[in-house]
Amino acid sequence: MTEQIQDETHQASDGPSYDAHALQEKWQPVWEELDQFRAGEREVRPGQPAPKRYALTMFPYPSGDLHMGHAEVMALHDVIARYWWHRGYDVLNPMGWDSFGLPAENAAIRNDEHPATYTYGNIDTQYQSFKKYGVSFDWSRRLHTSDPEYYRWTQWLFLKFREHGLAYRKNSPVNWCPNDQTVLANEQVLADGTCERCGAVVTKKELTQWYFKITDYAQRLLDGLDGLERHWPERVIHSQRNWIGRSEGAHVDFDLHLASGETRRVTVFTTRPDTLYGATFMVVAADAALAGEVVAPERAEALASYLEEVRKASDIDRLATDRPKTGVDLGITATNPVTGEQIPVWASDYVLADYGTGAIMAVPAHDQRDLDFAKAMGLPVRRVIDVPGADNPEETYVATTADGAYVNSPALEGVSGKAEGIATIIAKLEADGRGTGTVNFRLRDWLLSRQRFWGAPIPVIHCEKCGEVAVPEDQLPVRLPDNVRGADLKPKGVSPLAAVADWVNVDCPSCGGPAQRDSDTMDTFVDSSWYFLRYCSPDYTDGPFDVAAVREWGPVDQYVGGLEHAVLHLLYSRFFTYVLHDLGMLDFEEPFTRLLGQGVVINQGKKMSKSLGNGVSLGEQIDRYGVDAVRLTLVFASPPEDNIDWADVSPSGSVRFLQRAWRLSGDVTSEPGVSFAEGDVALRRITHKTVHEVEQLMEAYRFNVVVARTMELVNATRKAVDGGCGPADPAVREAVEAVAILLSLVAPYTAEEMWERLGHEPSVARAGWPSVDPALLVEDAVTAVVQIAGKVKARLEVPPSISEAELETLALADPAVVRAIDGREVRKVVVRVPKLVNIVV
RNA sequence: GCCGGGUUGGCGGAAUCGGUAGACGCGGCGCUCUCAAAAAGCGUUGCCCACAAGGCGUGCGGGUUCGAGUCCCGCACCCGGCACCA
């Protein structure tokens, strides 16, 4: 299968040949010299800065070299950035590395070296590849999150958050990855209960950890999504809404009567307070502290053994929603606040300790889970809503949740509908001081501690006397020790930093006494939650970013990246931006105005993977076809948000097209600067129409169609050169120059070469955009279709200005139409000038 | 289970204010050049029908409309999010 490849980028026939690799060699150093994508220097005229645009693409993690996935994002992203340059914007298009993280640490352990070795080695490899790939990045703003100059400010931001009560430490059961030997945020545990990074089954562990109080922002993060509608992919907005999980309901107070004789008031959360009269028992989360505190002494042992059983069950078991309900009677009762009845209190694992209040009122008649539990435990079921057409849940084992007439509910007599019922009962509870209307969220606080080495150390010192002490600002960054080797980093359940004695043991900044550094590092998602701000002033030393610079560039106008981060990076960054806005450091709340989520590159219907042996190497593809052909293939293959199956596309077809476009640039015989106005009108119309259409396609991200239109322009120009107006016509030069500029969005090397062959100085990237003459967008003839009952029977070439009557007459006279009417009566004629006539017979 | 998004030739995909379905490309077929092949170029290519004429066609079934890939109702299947979240 290699035999066809060798010559694919070479043309053996006479004349100069198109050699993609030679073009890369030729132009890379020239571009390096030109350094033409520096942000912040463009002016419309002296003294007047050009309008600014911020184009951002997700920075890579430096594992190995760039792969097909990177190639796709960069290709798509670069289409936008280069288009903006052409349209006259001053474009900020930075690149850097998300360079803290586990793979470097694991590699360090394997090779017994420092994680920095792997990290910076790969960064260098990727940097070279980026250069070759020809993306219009402003390399002067390059950053790495693992540089002390960067993580100093990650630490600074952590302390700011802490200062404002948004970072705190608590002890609770956390997600624990037994493979990576570290805790994970909820967002990093996949729906099937496995670790987002390594796929191991996540377990629970009780630990004291740092959290960001993202829940304080739940409502605002939710509300902000409304404004992103139509600018962000539906999928991401939807995922975030689901993840935040707002539900409206009520807090209702129940008095628990403990064995000791005390009364303890416990609040439950419910979305259906209107079913309160049907609450025939209460359930508390078995693993919540409350269960142990209220259990009757004679039931304590039963609870303890149940709890043990629950803890043994793996997360996989817990995830099976249809498994039978289990639980234990706590031996006490509670008072239903509206009926005054004494109802039993149970503990079960179907109630979650960390959602709502960790305790629920059970209404078996109208909640399936409660009904299942009631049936399993023989607890009473009382119907309080009579749903028309539905049988008694107690007999059918099917809880009813639909609207109906309230029964057995004195306070809801005559009330109709769920909404009114809920409002009525909340009003009553509030009046009685037994509850309030409330809102609850599924979102949990962001657990940010990690028991790993290669991350930003948490800048806190633990002093026996003073407790938690923030590292003073002038002592930042808290640097990672560089005297560790791979062997020191082996996971042992606590951070490897804890074992580095001369690093951990410090004097307390407050009292000067002996103290220890916090040995955990931060989740790497903290690093990436603010990197886009740092790019605005990458060398700033008085803060994480220069507020004025961010005011100039922010927010990001266009973000391009994968959507596997829908509830991770894309949610965390929004949270950071809201907080920094509230701290007065930003004048916007949403970080990314427009988001494009590109699909992934797969092969033969499956994700590329080593085990499947279906991996496609970017480097190999570039060696075979050249950078431009690979980029073109990726952009042309499908709409940007769809997946690309490499088996379905044809990089060699891309090479063919690039050759044909390139060849045109050698056919032009007119001089640069020739007056296009004197050119062939037919070709000029096509050129102007194409450019105009591309402008609209660009706005709508339809890059694959942009390529198709460029191909059509090449085809039309070829025809004009060979069989139409001929190569000397100014319209041919106009068309080929337009092709070069359009092509520069996707295939910069070929476009650059064409530009030079057309007699221009480099670079085509800064050549500006062809101006569109509206007069040339007007057609001189259009094809009108004649339909009978909606089926096309004839086509007519008519002037665009034709009148309805004329068009109708022409249509009815057409022989094919006459034949199709076949003497039948014409009942109605619909005319839409100048394109359509529909005849009803 | 709840909530989103989708289904167009052999393939990737065009056509999103209801108005020529299949742009552009891949693949296929035929031809030119060549001793031959490759490369390149030209032509052709939704399906049925030998051609023409004609008919059928955008997952399936209905509907609205002069006219539906596009709007409405029902269904099937695929992808994604949440999932014992009270």
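In what follows, chains are A, B, ... by sequence order, proteins preceding strands, each numbered from 1.
- In this structure, A:Lys375 atom NZ and B:rC84 atom P are separated by 24 Å, rounded to whole Å.
- Rounded to whole Å, the distance from CD on A:Glu808 to P on B:rC66 is 16 Å.
- In this structure, A:Val649 reaches neither bases nor backbone, as no heavy-atom distance under 4.0 Å exists between it and the strands shown.
- Distances from the side chain of A:Met711 to the nucleotides B:rG25, B:rC84, B:rG12 place B:rG25 closest.
- Neither OP1 nor OP2 of B:rA83 sits under 4.0 Å from any side-chain N or O of A:Asn242.
- Rounded to whole Å, the P atom of B:rG13 lies 15 Å from the corresponding atom of B:rG59.
- Across the strands present, B:rA37 finds no partner; the criterion is a Watson-Crick or G-U wobble pair with both atom distances under 3.5 angstrom.
- The pairing partner recorded for B:rA23 is none, the criterion being a Watson-Crick or G-U wobble arrangement whose two distances lie under 3.5 angstrom.
- One finds no side-chain N or O of A:Arg235 lying less than 4.0 angstrom from the OP1 or OP2 phosphate oxygen of B:rC79.
- B:rG27 and B:rG22 have their P atoms separated by 22 Å, given to the nearest Å.
- Remark: A:Arg718 is not in phosphate contact with B:rG41, judged by side-chain N or O atoms under 4.0 Å from OP1 or OP2.
- Checked against B:rG19, B:rA86, B:rA14, the side chain of A:Arg702 finds its nearest nucleotide in B:rA14.
- Using cut-offs of 30° and 60° on the angle between ring planes, the pair A:Tyr572 and A:Trp446 is parallel.
- We find that CG of A:Leu371 is positioned 18 Å from P of B:rA86, with the value rounded to whole Å.
- Ring to ring, A:Phe373 and A:Phe281 are close: their centroids are under 6.0 angstrom apart.
- The distance from atom NE2 of A:His238 to atom P of B:rC2 is 13 Å, rounded to the nearest whole Å.
- Backbone-only contact: A:Ser247 has heavy atoms under 4.0 Å from sugar-phosphate atoms and none from a base.
- No donor-acceptor distance shorter than 3.5 angstrom exists from the side chain of A:Gln188 to the backbone of A:Glu196, with no hydrogens or angles considered.
- Among the protein residues, A:Gln787 comes within range of the nucleic acid bases, having at least one heavy atom under 4.0 Å from a base atom.
- Nucleotide B:rC71 has B:rG63 as its partner under the Watson-Crick or G-U criteria, with both atom distances under 3.5 Å.
- Positionally, the nearest nucleotide of RNA chain B for A:Lys835 lies more toward the 5' end than for the other of A:Lys835 and A:Ala285.
- For the P atoms, the distance from B:rU70 to B:rA21 is 14 Å, rounded to whole Å.
- With a cut-off of 3.5 Å on both Watson-Crick or G-U wobble distances, the partner of B:rG80 is given as B:rC3.
- Taking a cutoff of 4.0 Å between a charged side-chain nitrogen and a carboxylate oxygen, A:Arg819 and A:Asp814 do not qualify as a salt bridge.
- For the pair A:Arg442 and B:rA83, the criterion of a side-chain N or O lying under 4.0 Å from OP1 or OP2 is met.
- Remark: the separation of the C1' atoms in B:rG69 and B:rU16 is 10 Å, to the nearest Å.
- Which of B:rA40, B:rC66, B:rC56 sits closest to the side chain of A:Lys791 comes down to B:rC56.
- Closest to the side chain of A:Arg660, from the set B:rA21, B:rG25, B:rA14, is B:rG25.
- Nucleic acid contact class of A:Lys793 (heavy atoms, under 4.0 Å, all strands): sugar-phosphate only.
- In this structure, the nucleotide among B:rA86, B:rC24, B:rU20 sitting nearest to the side chain of A:Arg795 is B:rU20.
- Here the nucleotide nearest the side chain of A:Thr270, chosen from B:rU20, B:rA86, B:rC82, is B:rA86.
- Heavy atoms of A:Asp642 sit under 4.0 angstrom from primed sugar atoms or phosphate atoms, though from no base atom.
- A distance of about 7 Å separates the C1' atoms of B:rG57 and B:rC47, rounded to the whole Å.
- Look at A:Tyr355 and you'll find a side-chain N or O under 4.0 angstrom from OP1 or OP2 of B:rA86.
- Counting only heavy atoms from C-beta on, A:Arg709 has its side chain closest to B:rA23 among B:rA23, B:rA40, B:rA21.
- Atom C1' of nucleotide B:rG25 and atom CZ of A:Arg656 are separated by 9 Å, given to the nearest angstrom.
- Taken to the nearest 0.5 Å, the CZ atom of A:Arg444 stands 10.0 Å off from the CG atom of A:Asn175.
- With rounding to whole Å, A:Asp372 atom CG is found 19 Å from B:rA83 atom P.
- In this structure a side-chain-to-backbone donor-acceptor pair under 3.5 Å is present from A:Tyr306 to A:Asp349.
- Side chain A:Asn838 to base B:rC66: a donor-acceptor pair is found below 3.5 Å.
- A:Cys195 approaches A:Val202 most closely through the heavy-atom pair N-CG2, 3.5 Å.
- With P as the reference atom, B:rG9 and B:rA14 are 14 Å apart, rounded to whole Å.
- One N or O donor and one acceptor, one from the side chain of A:Arg832 and one from the base of B:rG19, sit under 3.5 Å apart.
- Base-pair partner of B:rC17: not found among the strands shown (Watson-Crick or G-U wobble, both distances under 3.5 Å).
- In this entry the base of B:rG9 is syn relative to its sugar, with a glycosidic angle within 90° of 0.
- Pair check for B:rG30 finds B:rC42; Watson-Crick or G-U wobble, both atom distances under 3.5 Å.
- In this structure, A:Arg241 reaches neither bases nor backbone, as no heavy-atom distance under 4.0 Å exists between it and the strands shown.
- Between A:Arg718 and A:Asp667 there is a salt bridge, since a side-chain N of the basic residue sits under 4.0 Å from a carboxylate O of the acidic one.
- Comparing A:Gly245 and A:Val785 along RNA chain B, the residue whose closest nucleotide (by nearest heavy atom) sits nearer the 5' end is A:Val785.
- Atom P of nucleotide B:rC26 and atom CD1 of A:Ile644 are separated by 16 Å, given to the nearest angstrom.
- Between the CG atom of A:Asn715 and the C1' atom of B:rC24 there is a distance of 8 Å, given to the nearest Å.
- A distance of about 36 Å separates the C1' atoms of B:rA52 and B:rU7, rounded to the whole Å.
- For the C1' atom pair drawn from B:rA68 and B:rU20, the interatomic distance equals 14 Å after rounding to whole Å.
- A salt bridge between A:Lys418 and A:Glu248 is absent, with no side-chain N of the basic residue lying under 4.0 Å from a carboxylate O of the acidic one.
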